[in-house]
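Take a look at the structure set out below.
The model shown is predicted, which means the values in this text are computed figures rather than measured ones. Just the heavy atoms: all of them, side chains too, but no hydrogens, waters or symmetry mates, feed the values below. Letters A, B, ... are given to chains in the order of the sequence lines, protein chains preceding strands, and every chain is numbered from 1.
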Amino acid sequence: MSANWQSLRSRLPGSRWAVISVPYLWLLLFFAIPFLIALKISFAKFEMAMPPYSSLLNWEDGFLVLKLRLENYLYLVNDSLYVNAYLSSLKIAVIATGLCLLIGYPMAYVISRMEPATRNIALMLVVLPSWTSFLIRIYAWIGILKQNGLLNNFLLNIGLIDAPLKILYTPAAVYIGIVYAYLPFMVLPLYSNLVKLDRRLLEAAYDLGARPWRAFLAITLPLSKAGIIAGSMLVLIPVVGEFVIPEMLGGPDTLMIGRVLWQEFFNNRDWPVASAVAIVMLIILIVPILIFHKSQAKELEGRLA
Amino acid sequence: MSSRRSGSTSTWLVLGLGFFFLYAPILSLIIYSFNENRLVTVWSGFSIKWYGELFRDQQMMKAAWISLQLAFYTAWASVVLGTMAAMVMTRFRSFRGKTLFGGLITAPLVMPEVITGLSMLLMFIALRGLLGIELPLGMTTIWIAHVTFCMAFVAVVISSRLSELDKSLEEAAMDLGAGPVKVFFVITLPIITPALLSGWLLAFTLSLDDLVISSFVTGPSSTTLPMKVFSSVRMGVSPKINALATLLIAVVSTVGVIGWYLMARAERKRARDLQLAANQ
Amino acid sequence: MASVDADAAGSNGTMVNSAANPPAPSPDRYLVIDTVRKEFDGFVAVDDVSLTIRKGEIFALLGASGCGKSTLLRCLAGFETPTAGRIELEGQSLIGLPPYERRINMMFQSYALFPHMTVEQNIAFGLKQDGMAKAAMRARVDEMLSLVQMNRFAKRKPHQLSGGQQQRVALARSLAKSPKMLLLDEPMGALDKKLRSQMQLELVNIIEKLGVTCVMVTHDQEEAMTMAHRIAIMEQGRIRQCAKPDEIYEQPNCRYTAGFIGSVNLFEGRIDKDEKDFVTIRTSAFPDPIYVAHGVTGFEGMEVAMALRPEKLRISKHEPDLKHNKAHGSIEDIAYFGSHSVYHVRLDGGCKVMCNFVNMKRWDSESFTWNDPVWVSWGDLEGVVLSS
């Protein structure tokens with residue numbers, strides 16, 4: 001950053017700090033502190049009250065007693081439902097991310113190689129669906145995947161199957177829904193990475209005897225690593241906590257931790273356990289979130305140096 | 001070039017399949033919104049009666065009105081806060097706590113909604129217990145929650161524009177005697193207007209779309225459109241929802257196409273001006 | 001009139017290689033480019049260019065940007081397919097061969113080093129594509145590293161190298177496969193002026209040591225003159241002149257080349273007297289006709305231009321003792337370069353000429369100043385008569 005900016009800023013500390021502090025305080029108050037409160041409540045005990053949890057600090061015989069109850073966490077560890085839900089969510093998220101990458105990479109690659117005018121249209125067509133309601137796009141799949149839905153009708157008509165397939169309310173439907181909803185989040189970062197690839201590097205590889213496929217593996221793929229990481233994290237992390245898709249397209253046995261948390265909160269009204277579920281999820285996701293943050297920070301501040 | 005030649009068939013195959021996957025569900029929604037039959041997947045004739053039913057559904061209309069208001073106010077606040085955050089990220093020299101700030105601005109992009117929603121609700125409740133600030137659950141709390149995650153998206157959109165922007169423009173303005181505040185309003189802001197606009201629209205649609213976070217922080221009287229849609233979908237598939245979907249898609253694609261056209265026109269004009277400048 | 005080099009007939013040249021009866025490949029006809037044409041959407045980038053390049057030669061395509069030189073180079077590398085024409089290397093056609101099947105390697109403009117690979121990985125890349133054995137590859141990479149004196153930097157990534165070092169790596173990478181031909185695209189374009197002249201000589205030494213045939217593209221005439229054995233000047237997709245550097249400079253064949261290479265004073269006029277051993281040319285610049293002490297192919301009254309390099313002009317305070325080729329004027333502008341000065345002299349006829357003066361003694365430059373009345377003059381054989 002130039003000295004020009006700095007000297008002027010130091011002369012006007014007021015506006016600088018106002019610009020920093022307003023969004024900073026907002027995010028601290030409404031995004032960071034809530035996690036601390038959730039952490040606190042995860043150590044409390046469920047009570048039939050409003051709010052439905054015990055307080056951690058109490059006066060007992062003249063002492064201020066801080067009680068951190070680990071029972072919620074022990075409960076999560078001992079009940080196989082929760083462990084299974086975490087594992088199943090992770091599995092679904094990893095597989096769905098892989099599927100998004102398999103479909104999204106060729107799309108992003110092809111779009112990045114187009115003429116600028118067509119490229120923008122293609123990119124808009126990728127993004128446009130995600131501007132319409134997420135809920136409604138998932139809802140659309142119910143009509144397609146159900147027993148007498150469009151897909152089964154089509155497959156029966158062309159004679160590929162004799163009896164309708166059960167797809168809706170199975171893991172397959174959940175995968176379809178996730179890939180469908182999250183594909184743009186994979187394509188966009190991949191595209192913006194691939195479009196920056198210097199085409200002369202590929203020419204240099206051809207020139208040195210690499211056939212197109214080998215040039216892709218040796219040059220394009222490794223150089224798009226940042227885009228792959230950003231796209232994968234953008235899909236993986238939210239999918240782990242996904243609620244709407246397993247709720248609408250999955251069967252009752254499709255176990256995902258977001259759904260468990262929702263039920264714990266809304267059906268059982270057990271806020272402390274729900275908080276513990278959220279905190280454990282956050283701990284599981286902290287490494288992917290840090291990876292994502294690092295790639296994002298590089299993207300945002302890359303040209304600042 | 002050889003790579004382009006061999007790629008053309010597979011190019012169209014990849015894009016064709018990809019776009020079919022992205023658009024087939026939307027098309028099916030639109031087509032069956034005009035279906036006379038109550039059963040969503042059995043076609044029995046053209047009708048627009050579901051649109052009529054949709055507009056007669058008082059609860060749905062009320063929910064839509066609430067959501068539109070929320071989205072409108074969320075978009076404005078997110079653009080203001082998101083722009084400030086983007087300026088901090090791309091233009092300000094580092095300060096103590098900038099790393100944390102960066103984390104706070106990127107985390108909402110990926111944070112699972114159930115975690116955000118639950119934590120925020122707990123915070124609103126705790127605020128009441130600790131500080132005695134009475135924040136009734138409802139529009140205000142949903143608005144705060146929406147602004148929090150929308151400003152992160154807006155910040156990304158605007159930061160990427162800002163980091164592309166040639167800093168020497170701003171430096172030139174300062175060199176000519178404009179203070180940082182003036183430079184921002186006179187130079188930076190006009191240049192990033194398209195990014196502000198797309199940030200505004202993004203925040204608007206994100207807010208309009210949110211189900212999970214709103215469900216946590218809402219109160220008894222504020223049912224948003226996604227919440228209403230979700231509960232009616234749980235009851236069973238209804239062509240009314242198809243009609244609603246079609247209307248939403250129509251609005252969004254119109255706005256999208258107009259926005260794209262305006263941007264393409266600006267781009268063409270700029271290219272032409274450059275050409276003219278080069279020829280002179 | 002300047003003659004066109006026998007084996008380098010441009011589209012507008014006088015000699016045409018007999019395409020009907022192609023002679024057997026010989027070291028003199030190592031690379032044959034025959035009426036190559038490249039069009040992009042109706043725009044002709046390369047317009048029927050024919051060239052023959054000898055084995056071991058360093059050949060430069062020189063021209064302003066957009067003249068088609070880079071397109072022609074990309075046709076040789078295989079990145080572009082000519083719309084028409086033949087390209088043959090050692091008698092074998094290259095048309096239709098993709099770049100990865102040509103034994104031609106290129107050093108790219110600003111090098112195109114793979115940023116995610118170390119110096120040795122970059123150099124080994126081409127060898128790896130050939131499936132070379134590990135040990136042999138190791139040895140070859142080491143050999144190339146010592147050739148460009150970069151052994152110490154083998155493990156570095158390209159962004160940790162200076163511009164000159166990057167260039168050496170790029171050179172080593174393109175030479176590692178012992179290509180039949182080396183292409184250089186604006187080889188010095190990314191270097192600053194001081195480094196440029198050093199690297200030019202270094203590059204030529206390495207290329208000549210290996211004896212590899214080399215075609216380079218540049219817009220920098222100094223670079224072409226220093227490095228190349230022969231230069232082809234391109235303009236609007238055509239070759240205007242193809243000759244050795246000194247021939248191009250001292251005997252340009254047209255007004256374009258004369259103006260493109262170095263600086264020149266051009267005087268338009270007509271042939272006044274056309275004798276067997278001399279001609280005179282009447283111009284508006286000088287009161288007396290210009291005297292040229294050799295015959296030219298032309299006729300009396302033909303429109304020609306007289307090209308006179310500034311260093312061929314002498315400047316003096318007193319009238320020189322010459323019968324022809326002198327004029328009186330006054331100094332209007334002075335450009336001081338240290339080693340020499342360039343005086344812009346306004347002649348009494350109104351025309352302005354540039355005249356170099358070598359500052360042989362210290363403070364020589366002070367002998368002339370603005371508005372001084374001076375004489376300019378030149379020898380009878382120093383000018384070139386141009387008809388096109």
Side-chain angles (χ1 to χ4, degrees), chain A residues 101 105 108-110 112-119 189-233 291 294-299 301-305, chain C residues 41 70 73-74 76-80 97-118 121-132 137 141 144 157-159 166 169-186 189-190:
Chain A
L101 195 58
Y105 200 103
Y109 181 84
V110 161
S112 73
R113 289 286 168 278
M114 293 175 133
E115 299 295 317
T118 19
R119 188 198 283 168
L190 278 176
Y191 163 82
S192 53
N193 179 287
L194 286 169
V195 81
K196 275 184 275 180
L197 180 76
D198 186 349
R199 222 178 262 202
R200 285 176 315 117
L201 294 178
L202 280 182
E203 287 184 351
Y206 297 147
D207 185 70
L208 292 165
R211 284 159 188 286
W213 182 240
R214 293 193 64 174
F216 171 80
L217 289 181
I219 311 297
T220 313
L221 198 61
L223 286 176
S224 60
K225 202 176 88 189
I228 295 175
I229 290 175
S232 299
M233 292 304 124
I291 294 173
K294 224 179 107 190
S295 74
Q296 197 66 20
K298 237 186 257 166
E299 191 70 19
E301 297 176 83
R303 276 156 282 195
L304 198 63
Chain C
D41 302 323
S70 290
L73 193 76
R74 290 171 63 80
L76 296 182
F79 298 125
E80 307 285 356
L97 272 188
Y100 40 86
E101 282 170 14
R102 298 183 182 204
R103 290 208 47 201
I104 296 175
N105 288 130
M106 174 143 143
M107 194 175 95
F108 284 75
Q109 191 175 5
S110 48
Y111 321 132
L113 294 175
F114 305 130
H116 58 304
M117 296 183 189
T118 61
Q121 285 168 333
N122 263 287
I123 297 175
F125 185 88
L127 305 171
K128 226 166 160 178
Q129 306 308 316
D130 287 352
M132 194 186 243
M137 195 152 77
V141 170
M144 296 319 292
K157 292 272 179 72
H159 66 90
Q166 287 184 16
V169 177
L171 180 68
R173 185 178 75 174
S174 51
L175 287 172
K177 294 180 79 169
S178 325
K180 290 186 169 173
M181 197 163 67
L182 176 69
L183 307 178
L184 306 174
D185 189 1
E186 299 280 2

Problem set entry | chain A contact via C/Ile104 - side chain, backbone, both or neither, heavy atoms under 4.5 Å | backbone
Problem set entry | For the student: nearest non-hydrogen atoms of C/Pro115 and A/Leu223, plus distance | CG-CD2, 3.6 Å
For this session: Go through the atoms of C/Met107 and report whether side chain, backbone, both or neither lie under 4.5 Å from a heavy atom of chain A.
Result: neither
For this session: Determine the minimum heavy-atom distance between C/Leu113 and A/Leu201, stating which atoms define it.
Result: O-CD2, 3.3 Å
Seminar exercise, completed: Cut-off 4.5 Å, heavy atoms of chain A, and the answer for C/Arg173 is both
Problem set entry | Which portion of C/Asp130 sits near chain A, non-hydrogen atoms under 4.5 angstrom | neither
Problem set entry | Worked verdict on C/Met106 versus A/Glu203 for side-chain contact (heavy atoms from CB on, under 4.5 Å) | CA-CA 10 Å; C/Met106 174 143 143; A/Glu203 287 184 351; 5.7 Å; no
Problem set entry | Residues, nucleotides or ligands: over 12 heavy atoms within 6.0 Å of C/Lys128 NZ | no
Seminar exercise, completed: Note: C/Tyr111 and A/Arg200 closest approach over all heavy atoms is N-NH1, 4.3 Å
Exercise. Can you find a heavy atom in the side chain of C/Phe125 that is under 4.5 Å from one in the side chain of A/Ile219?
Worked result: yes
Seminar exercise, completed: Pair count under 4.5 Å, heavy atoms only, with chain A: among C/Ala112, C/Ser110, C/Gly126, C/Ala77, highest is C/Ala112
Seminar exercise, completed: The interface call for A/Ala205 against chain C, heavy-atom contacts under 4.5 Å, is both
Problem set entry | Which portion of C/Leu183 sits near chain A, non-hydrogen atoms under 4.5 angstrom | neither
Problem set entry | Region of A/Asp198 in contact with chain C, defined by heavy-atom distances below 4.5 Å | neither
Seminar exercise, completed: In terms of heavy-atom contacts, C/His116 and A/Ala218 come closest through NE2-O, 2.8 Å
Seminar exercise, completed: Nearest heavy-atom contact between C/Tyr100 and A/Gly209 is CB-C, 3.5 Å
Exercise. Which atoms of A/Arg211 come close to chain C, meaning under 4.5 Å heavy atom to heavy atom: side chain ones, backbone ones, both, or neither?
Worked result: both
